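Have a look at the structure below before the remarks.
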Amino acid sequence: MKKKLWAAALCVAIIGGITACGSKDSANPESGSPGSKTKITYWTGDRHDSEYIKELVDEFNKTNPDHIEVELVIKGDDFDQALDMSFQTSEAPDVIRVKENTIQTFYKKGFLSPIDEFMTEGLKEKFPLMDNLNSFDGKRYSLPNYGTTMRLIYNKELFEKAGITSPPTTLDELVADAKKITEVGKGSGAYGFAQNFKSPASALGRSARVIAEVSGYGGFGYDFKTARYDFSPFKPIIEAFKQIKDDGSMLPGVESLDIDPLRAQFAEGKIGMYLSFSAEAGVYQSQFPAKIDWAAAPAPSIDGEFKGASGFLGGQWLAISSKTQEKEAAWKFMQYMYNDSTLKQYQEKGFGIAMVPSVSEVAATPSVKGIEGFLPNRYDGVWPVAPTVAVQGTKSDDAFFKYIVSGGDLDAIIADLNQRYNSALDAAKASGEVKAEPMPDFDPAKLAGQYTK
């Protein structure tokens with residue numbers, strides 16, 4: 001890819017947070033004695049790369065000369081809640097995997113520890129500091145690894161069976177195609193569409209968000225031009241999802257469906273399409289080997305017009321906890337995970353698109369089925385970071401999910417969200433927790449195309 005791709009890509013960051021409950025544990029309990037081990041824990045919510053990460057952790061535990069032993073803990077969609085609880089009970093992990101939509105929250109909660117003391121000039125050059133992405137108030141908390149694109153993943157066999165010649169580019173086509181697939185899939189128990197609504201934030205964060213972004217609207221309901229929240233652009237998106245549900249075109253049981261069971265159903269040919277991240281390519285190679293022919297395509301926009309950009313998401317990865325008692329050990333593990341060989345293999349195995357120039361220049365394009373559909377295209381771009389606010393009452397994803405499954409007055413729901421989110425924003429600005437100023441010249445269309453080859 002062009003160098004400008006990676007220069008721009010480095011404007012997106014990865015983020016991590018780490019908490020430590022490490023302890024010395026040995027046959028000889030005296031700290032530092034021969035044979036003693038420093039035990040630390042690493043928590044991640046990622047499962048698409050779990051086998052590779054397990055291999056890395058096992059290798060580190062066997063080969064590191066400092067007698068550090070890492071316990072890998074893989075959480076599900078309850079990762080954020082489990083992390084909150086771990087800090088409350090003093091059982092927090094030492095190393096945390098965080099993402100671009102959690103870094104601000106974890107920083108504000110005091111979960112993260114700066115890593116500036118470990119940064120050499122070489123590391124600073126390799127991993128640039130990026131404000132509000134991997135750094136806050138001039139301090140660095142994490143380093144980049146990879147970026148993630150968002151796409152429509154679809155079953156080519158079911159599309160052909162339903163007579164659909166190309167993926168949907170509008171919401172109307174999305175609804176119609178889901179219905180056609182469901183009609184032809186009745187005999188085999190296949191349905192047109194699915195979402196992992198066990199976690200509404202996860203489901204809508206990988207679907208409604210990208211549709212809004214390519215249509216020119218902030219994926220979290222924040223309008224950068226006015227520096228105010230406005231969820232009204234989500235109305236046609238949420239109505240389309242509700243229509244799919246009302247038509248009977250959505251996989252039954254989505255109310256309690258987690259992402260891995262959804263993936264398993266797709267791999268078996270029971271789902272026509274869904275929206276998600278580029279990690280899916282690796283999922284269908286190793287975690288849930290696909291029994292069907294599938295592909296990825298750009299997400300549809302509201303009306304077929306692309307007025308924004310599909311968010312090229314920061315490759316968030318690792319950081320150190322504010323409560324760790326073993327910060328040196330945590331950093332040594334981070335150093336191991338961030339070496340060029342590890343990052344190079346991460347791309348080549350199809351887990352993510354490298355965002356570190358020294359890695360991207362040498363890493364091969366993954367030989368993974370379907371990866372070509374996830375490679376950066378003219379619709380991809382990096383959005384600014386929306387402010388994170390502590391809203392009172394039901395969050396937007398939960399409110400929209402309730403409407404999709406139970407109905408109600410969507411206009412009233414949106415008005416209520418706007419009022420509560422802007423009240424929270426005003427409070428956060430007044431307290432100095434958030435800086436949010438209007439960007440009158442902001443043009444989301446100019447974000448697209450930053451990553452084309």
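Hydrogens, waters and symmetry mates are skipped; everything else that's a heavy atom, side chains included, is used. Owing to the predicted nature of the structure, the values given are computational and were not obtained by experimental measurement.
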Would you call [X] and [Y] a side-chain contact if the rule is heavy atoms closer than 4.5 Å?
{"X": "Ile238", "Y": "Ile414", "value": "no"}
{"X": "Leu275", "Y": "Met150", "value": "no"}
{"X": "Tyr336", "Y": "Leu56", "value": "yes"}
{"X": "Ile353", "Y": "Pro366", "value": "no"}
{"X": "Phe106", "Y": "Leu83", "value": "yes"}
{"X": "Phe136", "Y": "Gln104", "value": "yes"}
{"X": "Ile292", "Y": "Phe266", "value": "yes"}
{"X": "Ile68", "Y": "Glu326", "value": "no"}

Ring centers of [X], [Y] separated by less than 6.0 Å:
{"X": "Tyr217", "Y": "Phe234", "value": "no"}
{"X": "Phe127", "Y": "Tyr338", "value": "yes"}
{"X": "Tyr346", "Y": "Trp317", "value": "yes"}

For [Y], is there any backbone N or O sitting under 3.5 Å from a side-chain donor or acceptor partner on [X]?
{"X": "Arg151", "Y": "Gly373", "answer": "yes"}
{"X": "Thr182", "Y": "Gly192", "answer": "yes"}
{"X": "Lys323", "Y": "Phe87", "answer": "yes"}
{"X": "Tyr421", "Y": "Ser396", "answer": "yes"}
{"X": "Asp380", "Y": "Asn377", "answer": "yes"}
{"X": "Lys369", "Y": "Trp294", "answer": "yes"}
{"X": "Asp46", "Y": "Asp49", "answer": "no"}
{"X": "Ser431", "Y": "Ala428", "answer": "yes"}
{"X": "Ser310", "Y": "Val210", "answer": "no"}
{"X": "Gln347", "Y": "Ala364", "answer": "yes"}

Tell me the closest heavy-atom pair linking [X] and [Y], and the distance in Å.
{"X": "Leu152", "Y": "Pro298", "result": "CB-O, 4.1 Å"}
{"X": "Asp293", "Y": "Glu157", "result": "N-OE2, 2.9 Å"}
{"X": "Pro444", "Y": "Gly216", "result": "CG-O, 3.5 Å"}
{"X": "Gly311", "Y": "Trp383", "result": "CA-CD1, 4.1 Å"}
{"X": "Ile40", "Y": "Ala330", "result": "CD1-CA, 3.9 Å"}
{"X": "Arg47", "Y": "Gln287", "result": "O-OE1, 3.4 Å"}

For this session: Decide salt bridge (Lys or Arg N to Asp or Glu O under 4.0 Å) for Glu51 and Lys54; before the verdict, give the C-alpha distance in whole Å, the side-chain angles of both, and the deciding distance to 0.1 Å.
Result: CA-CA 5 Å; Glu51 290 304 315; Lys54 287 176 184 176; 3.5 Å; yes
Consider only side-chain N and O atoms of [X] and [Y], and report whether a donor and an acceptor are under 3.5 Å apart.
{"X": "Asp230", "Y": "Ser232", "value": "yes"}
{"X": "Ser113", "Y": "Lys327", "value": "yes"}
{"X": "Gln335", "Y": "Asn339", "value": "no"}
{"X": "Gln265", "Y": "Tyr274", "value": "no"}
{"X": "Ser207", "Y": "Gln195", "value": "yes"}
{"X": "Asp137", "Y": "Tyr107", "value": "yes"}

Exercise. Which is it for Val175 and Ile244 under the side-chain contact (heavy atoms from CB on, under 4.5 Å) test, yes or no, and what are the steps along the way?
Worked result: CA-CA 6 Å; Val175 174; Ile244 292 173; 4.0 Å; yes
Exercise. Can Ile181 and Phe159 be said to form a side-chain contact (heavy atoms from CB on, under 4.5 Å), step by step?
Worked result: CA-CA 7 Å; Ile181 292 169; Phe159 267 58; 3.6 Å; yes
For this session: List the steps, then state whether side-chain contact (heavy atoms from CB on, under 4.5 Å) holds for Leu174 with Phe241.
Result: CA-CA 9 Å; Leu174 182 73; Phe241 290 163; 4.1 Å; yes
Exercise. So Phe193 and Lys245, side-chain contact (heavy atoms from CB on, under 4.5 Å) or not? Walk me through it.
Worked result: CA-CA 9 Å; Phe193 195 70; Lys245 185 76 167 62; over 6 Å; no
Would you find more than 12 non-hydrogen atoms of other residues, nucleotides or ligands less than 6.0 Å from [X] atom [atom1]?
{"X": "Met85", "atom1": "CE", "answer": "no"}
{"X": "Gln419", "atom1": "CD", "answer": "yes"}
{"X": "Lys108", "atom1": "NZ", "answer": "yes"}

Problem set entry | Parallel, tilted or perpendicular: rings of Phe400 and Phe231 (30°, 60°) | perpendicular
So how far is it from [X] [atom1] to [Y] [atom2], rounded to the nearest 0.5 Å?
{"X": "Phe333", "Y": "Phe60", "atom1": "CZ", "atom2": "CZ", "result": "6.5 Å"}
{"X": "Thr169", "Y": "Phe306", "atom1": "OG1", "atom2": "CZ", "result": "6.5 Å"}
{"X": "Leu158", "Y": "Ile271", "atom1": "CG", "atom2": "CD1", "result": "10.0 Å"}
{"X": "His48", "Y": "Lys349", "atom1": "NE2", "atom2": "NZ", "result": "12.5 Å"}
{"X": "Lys109", "Y": "Ser322", "atom1": "NZ", "atom2": "OG", "result": "12.5 Å"}
{"X": "Glu433", "Y": "Leu425", "atom1": "CD", "atom2": "CG", "result": "11.0 Å"}

Lys/Arg-Asp/Glu bridge criterion (N-O < 4.0 Å) met for [X], [Y]:
{"X": "Asp80", "Y": "Lys75", "result": "no"}
{"X": "Asp78", "Y": "Lys198", "result": "no"}
{"X": "Asp426", "Y": "Lys429", "result": "no"}
{"X": "Glu239", "Y": "Lys242", "result": "no"}

